[in-house]
Amino acid sequence: MPELPEVESARSVIARVALGRVIVDVDDTDTYECRPHRPGEIRTALLGRTLTDAHRRGKSMWCDTSPVNGSAVAGPPLGIHLGMSGKIVVAASDGTETDGGDYWDRGRQPGDRRYLRFSLTFDDGGSMALIDPRRLGRVRLDPLIDRLGPDAGLITPSQFRAALARGSAPVKARLLDQESIAGIGNLLADQILWQARISPGRSVQDLSADDISRLLRAVRQAIRAAVAGGGVHTLSVVPFRKPGGRCPRDNAPMVRSTVGGRTTWRCSREQP
DNA sequence: TATAGTGTTATCGG
DNA sequence: ACCGATAACACTAT
C-alpha cells in the first residue's frame with residue numbers, strides 16, 4: 001500500500017514510459033474511482049491529448065496534458081491518488097508491462113484485468129492502468145493540491161517546525177496529517193518515530209527543539225531508505241510490527257496501540 | 001465468520 | 001472557527 005516512496009515509483013514509471021503517447025480511449029466508467037466525475041467526463045476531456053509531465057506532492061500525483069491537435073491550449077491536469085491499494089501499470093505496444101510497484105501483486109499476471117478501475121489506451125496500442133482492489137484510490141481532473149502541506153522529502157527545517165508548532169495532537173497524528181506534511185503514512189510514521197526514539201502519543205507541544213531536529217533527520221533518512229529500498233515495507237522496524245516483535249536495537253518488546261486512529265507499534269523501552 | 005488494514009474525508013463534539 | 005477524534009468508504013486476507 002502506497003506511501004510517498006511507492007507513489008514516487010509510480011510517478012517515475014509514468015514519466016519514463018507514458019508521456020507523449022496519444023490517448024485514443026479512456027475507461028472512466030468506475031463511478032467510485034472517478035468520483036466526482038460522471039462516466040465519460042474524463043474521457044471527453046482527454047481524448048486526442050498526450051500526458052506531457054508527471055508530478056507528485058506527498059502521495060498525490062498529477063499529469064499535465066497537451067493541447068489537442070490544432071489548439072494551443074493545454075488540457076486539464078489529470079490527478080491520480082493510489083489510496084490504500086492502488087498501483088499503476090503501463091503497457092507498451094507489444095503488451096510488455098512496466099509495473100509501478102509490486103507491493104500488491106497477489107500473483108497478478110501481465111494483462112490481468114481484475115481490479116482495473118481506470119485506464120488510458122494509446123494510439124500505439126499500449127495503455128496505462130490504475131489497478132486498485134479496494135477502490136479507495138481516485139482519478140480526477142484538476143485535482144486540488146494546494147491543500148497539501150510541503151512534501152515530506154523536501155520540507156525545510158522552518159516548515160517542519162511550523163507544522164509541529166500549533167495544537168496539541170499526538171506527534172504521530174500530526175505526521176500523518178497531509179495538510180501539515182504531505183507523504184507520510186502509517187508505516188513511515190512508525191519508522192520515523194522509532195528512529196528518533198520519540199513516543200508516538202506525545203503531544204506536539206511537549207517536543208523540544210532537539211526532539212524536532214531528530215525527528216526531521218529521521219523523516220529524511222526514512223524516506224531516502226524507503227525510496228532506495230523499493231518501498232516502505234523495506235524499512236528496518238517494519239518486520240517487527242507484529243505480536244511478539246522485538247526492537248531490533250535493544251530487543252525490548254514492541255507494543256501495539258492506536259494513535260491518530262491508526263495501528264501503532266513502538267519500542268516499549270526507547271519510546272515509553 | 002469476524003476483524004484488521006501502508007489512506008482520505010465528512011461529521012461530530014469540545 | 002479551530003482542533004482533535006471517530007466513522008465511513010470498498011474490498012481482501014487472515
Side-chain angles (χ1 to χ4, degrees), chain A residues 1-10 30-36 56-61 79-88 100-108 112 114-118 130-140 143-149 152 162-194 200-206 219 222-223 225-227 229-245 256-265:
Chain A
M1 292 82 174
E3 302 190 30
L4 186 156
E6 287 80 4
V7 179
E8 174 54 24
S9 132
D30 191 296
T31 53
Y32 291 99
E33 211 79 19
C34 299
R35 252 177 341 194
R56 180 190 59 76
R57 179 148 157 200
K59 306 173 197 171
S60 293
M61 289 185 280
I80 302 173
H81 197 292
L82 300 177
M84 289 274 262
S85 63
K87 72 167 171 175
I88 294 293
D102 60 359
Y103 45 86
W104 189 283
D105 244 358
R106 311 289 172 206
R108 183 183 177 278
D112 190 342
R114 272 183 318 158
Y115 314 128
L116 192 156
R117 311 302 190 193
F118 175 83
L130 171 61
I131 310 293
D132 181 18
R134 287 178 64 177
R135 286 213 268 223
L136 295 173
R138 291 291 177 268
V139 177
R140 62 160 304 168
L144 314 166
I145 49 165
D146 301 339
R147 288 180 43 200
L148 294 172
L164 299 177
R166 105 205 104 71
S168 61
V171 57
K172 178 173 175 178
R174 186 59 50 80
L175 291 176
L176 292 172
D177 174 6
Q178 305 299 303
E179 294 187 26
S180 299
I181 304 166
I184 299 174
N186 199 29
L187 293 191
L188 216 28
D190 276 2
Q191 174 76 29
I192 288 163
L193 291 159
W194 175 79
R202 272 178 67 189
S203 165
V204 289
Q205 62 189 348
D206 294 337
V219 167
I223 289 174
V227 169
V232 291
H233 61 284
T234 65
L235 291 168
S236 61
V237 86
V238 168
F240 307 100
R241 296 176 79 261
K242 60 182 181 194
R256 191 196 124 112
S257 60
T258 298
V259 180
R262 310 304 305 279
T263 295
T264 299
W265 291 86

When you get a sec, tell me which of [options] is the closest nucleotide to the side chain of [X]?
X	options	value
A/Arg256	C/dT12, B/dA4, C/dA5	B/dA4
A/Ser168	B/dA4, B/dG7, C/dG4	C/dG4
A/Tyr32	B/dG7, B/dG5, C/dA10	C/dA10

Which is true for A/Arg35 with a 4.0 Å heavy-atom rule: it touches a base, it touches only sugar-phosphate, or it touches nothing? nothing

So what does A/Gly261 hit on the nucleic acid, given a heavy-atom distance under 4.0 Å: a base, only sugar-phosphate, or nothing? nothing

Is the phosphate of [N] approached by [X] (side-chain N or O, under 4.0 Å from OP1 or OP2)?
X	N	result
A/His81	B/dT8	yes
A/Arg262	B/dG7	yes
A/Tyr115	C/dT12	yes
A/Gln178	B/dG7	no

Go through the steps to decide whether A/Arg174 and A/Ile181 satisfy the test side-chain contact (heavy atoms from CB on, under 4.5 Å), and finish with yes or no. CA-CA 8 Å; A/Arg174 186 59 50 80; A/Ile181 304 166; 5.6 Å; no

Side-chain ([X]) to main-chain ([Y]) donor-acceptor, under 3.5 angstrom:
X	Y	answer
A/Lys87	A/Leu130	no
A/Gln205	A/Leu164	no
A/Arg256	A/Thr263	no
A/Glu33	A/Phe118	no

Residue mapping more 5' on DNA chain C - nearest nucleotide basis, A/Gly260 or A/Arg166: A/Arg166

Mind calculating the distance between [atom1] ([X]) and [atom2] ([N]) to the nearest angstrom?
X	N	atom1	atom2	value
A/Arg174	C/dC3	CZ	C1'	9 Å
A/Ile145	B/dT8	CD1	P	15 Å
A/Leu136	B/dG5	CG	P	15 Å
A/Glu6	B/dG5	CD	P	18 Å
A/Asp132	B/dG7	CG	P	13 Å
A/Arg117	C/dC9	CZ	P	17 Å
A/Arg134	B/dG7	CZ	P	10 Å
A/Ile184	B/dT8	CD1	C1'	16 Å

Which heavy atom of A/Val238 sits nearest to which heavy atom of A/Gln191, and what is that distance? N-OE1, 4.2 Å

All heavy atoms of A/His81 vs all of A/Ser60, minimum pair found to be CD2-OG, 3.5 Å

Those stems involving DNA chain B that have three or more consecutive Watson-Crick or G-U pairs, both distances under 3.5 Å, are B:2-5 with C:11-14, B:7-14 with C:2-9

Between B/dT11 and C/dA10, how far apart are the P atoms? Round to whole Å, please. 15 Å

Modelled atom types, side-chain donor and acceptor of A/Arg166 and A/Ser180, under 3.5 Å: yes

